[in-house]
Undergrad: 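Mind having a look at this structure? Questions to follow.
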2 protein chains.
Amino acid sequence: MAESTRERILDAALRAFGTEGFAATSLDALATELGIRKQTILYYFPSKQAIFEAVVDRAASDLVKVFEEQAARGIGGLDQVEAIVKRVFRLAVRRPQLLGLIREVTRPGSLSIDRLSAHTAPIFDRARDFLQREMDAGRMKSSDPEMLLLSLYSTVVGVATELEVQRAMGISDSLRGAVARRQELIRFLRAALEPA
Amino acid sequence: MAESTRERILDAALRAFGTEGFAATSLDALATELGIRKQTILYYFPSKQAIFEAVVDRAASDLVKVFEEQAARGIGGLDQVEAIVKRVFRLAVRRPQLLGLIREVTRPGSLSIDRLSAHTAPIFDRARDFLQREMDAGRMKSSDPEMLLLSLYSTVVGVATELEVQRAMGISDSLRGAVARRQELIRFLRAALEPA
DNA sequence: ACTTCTCTCTACCAATTGGTAGAGGATCGT
DNA sequence: ACGATCCTCTACCAATTGGTAGAGAGAAGT
């Protein structure tokens, strides 16, 4: 067997929650998609909410892993920023539901936001420290690192995930389009961050 | 009567759709909130989907109005960008559900995205032309105006609406926090856009 | 006085929701 | 051969969903 039932459920749930959203996803639809019965799902997870939390946990650690891999390389300055942007984009192309889920969890009024931030808080801290260090070393324009991090997050995640907005703007969402967006974004960020 | 029933329904629906989302909003809950019966809602609107579309239409024209008011001032260069950012932030503080609704509509797989973009396409075009003109005049760093617009959109909407992410990052979401975020964002954008 | 129109209501309904109870078939160690 | 464990199933269920049908109240026009 290539993949356990439990894993298949989590995969399908990630896709569904990440695109349709939590409320719009029914256990019956999920089961039908998997060719199993709803009760099989409820054998592995006690409730719909529990599935969601499991999906969030798995997605969060996947995300964290990507960041930690890059952080471990120890590159400095804007090259490191660029490398991270590239990794996020690769993730957005390969597993778009993953970032979709983040959007779902970070929606106002969503439960399990704390679950997500429990995972991500360490990378946020690490990123803030990184920015501060680079600013102090003069490899990056000085500003409030926390606010800068928020701007960076919004810009990168937005450009990587706002496919519908891009469609509305008339921007291609092909793979080639993704590369072009990434390049333009990196240029944008370099311009914003390069020291005077 | 201060406000017609129809208007009250639209107001409540905007709030609900903009925070809870379409699927998570029930007509019964909406009616209870308004102190009326669900059938009264269905007297004014033929279906839940129709309410959503009406809400989107109204929200879109509110948004467009804000942009057109600012565009009419005919300010140029980065001062105009700054003025628009300020307006978006004012909107985000006063009517946060409005931007929440935009996020709901622009979610992948959402219906009525076309309805929204029918309203907003003219301002996108206008904004693209504006950026191109300012670049040509040397008042702004040159780049692909369409991609730049996407970056700007993502950054501004993100910083204005990602309250949960900010909370997770430990950033205050008070009014004072909003002003600080706005200032920092403007600094960020100016750095990215200022000509060499 | 009578009709007409506008609005809100009660009374239902079929379909779908998340979830419970428990049967039955494998596969395993003994 | 036998119980135990693991897994998936059928059979239900109460609650909620969006939506229909139509009664009745009130105001307005004639």
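In what follows, chains are A, B, ... by sequence order, proteins preceding strands, each numbered from 1.
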Undergrad: Using whole Å, report how far CD1 of A:Ile41 lies from C1' of D:dC7.
TA: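 So the CD1-C1' distance, A:Ile41 to D:dC7, works out to 14 Å.
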Undergrad: Nearest-nucleotide wise, let me know which of A:Ala29 and A:Pro46 is further upstream toward the 5' end of DNA chain C.
TA: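 Its nearest nucleotide lies further toward 5', so the answer is A:Ala29.
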Undergrad: Rounded off to whole Å, could you give me the CG-to-P distance for the A:Leu42 and C:dT17 pair?
TA: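 So the CG-P distance, A:Leu42 to C:dT17, works out to 13 Å.
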Undergrad: Which one, D:dA11, D:dG19, C:dG18, comes nearest to the side chain of A:Gln39?
TA: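 Closest nucleotide to the A:Gln39 side chain: D:dA11.
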Undergrad: Between B:Arg58 and B:Glu7, is there a side-chain N and carboxylate O pair less than 4.0 Å apart?
TA: yes
Undergrad: Could you go step by step and tell me if B:Glu184 and B:Arg187 meet the salt bridge (Lys or Arg N to Asp or Glu O under 4.0 Å) rule?
TA: CA-CA 5 Å; B:Glu184 194 59 33; B:Arg187 193 148 41 136; 2.9 Å; yes
Undergrad: B:Tyr43 has an atom OH; how far is it from atom C1' of C:dC7, in whole Å?
TA: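 Whole-Å distance recorded here is 5 Å.
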Undergrad: Can you tell whether the side chains of A:Glu194 and A:Lys141 come within less than 4.0 Å, N to carboxylate O?
TA: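 A salt bridge is absent here (no side-chain N lies under 4.0 Å from a carboxylate O).
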Undergrad: Take atom NZ of B:Lys38 and atom P of D:dA21, then tell me their distance rounded to the nearest Å.
TA: 15 Å
Undergrad: Could you tell me the separation between the CD1 atom of B:Ile51 and the P atom of D:dG18, rounded to a whole number of Å?
TA: 9 Å
Undergrad: Determine whether a donor-acceptor pair (N or O, by modelled atom type, separation under 3.5 Å) exists between the side chain of B:Ser110 and the backbone of B:Thr106.
TA: no
Undergrad: Rounded to whole Å, please give me the gap between NZ in B:Lys48 and P in D:dG18.
TA: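 Between P of D:dG18 and NZ of B:Lys48: 4 Å.
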Undergrad: Closest to the A:Tyr44 side chain: D:dC7, D:dC9, C:dT17?
TA: D:dC7
Undergrad: How close or far is atom P of D:dA23 from atom CZ of B:Arg37, stated in whole angstroms?
TA: 20 Å
Undergrad: Think A:Ser26 has a side-chain N or O under 4.0 angstrom from the OP1 or OP2 of C:dT17?
TA: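 So the side chain of A:Ser26 is within the cut-off, an N or O lying under 4.0 Å from OP1 or OP2 of C:dT17.
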Undergrad: Answer yes or no: does a side-chain N or O of A:Thr40 lie under 4.0 Å from OP1 or OP2 of D:dC9?
TA: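 Answer yes for this pair, as a side-chain N or O of A:Thr40 is under 4.0 Å from OP1 or OP2.
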Undergrad: Any ion pair linking A:Arg126 and A:Asp129 (charged N to carboxylate O, less than 4.0 Å)?
TA: no
Undergrad: I need the CG-P distance between A:Leu27 and C:dG19, as an integer number of Å.
TA: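 So the CG-P distance, A:Leu27 to C:dG19, works out to 6 Å.
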Undergrad: Can you tell me if A:Thr5 touches the phosphate of D:dT8, counting only side-chain N or O atoms and a distance under 4.0 Å to OP1 or OP2?
TA: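 For D:dT8, OP1/OP2 do have a side-chain N/O of A:Thr5 under 4.0 Å.
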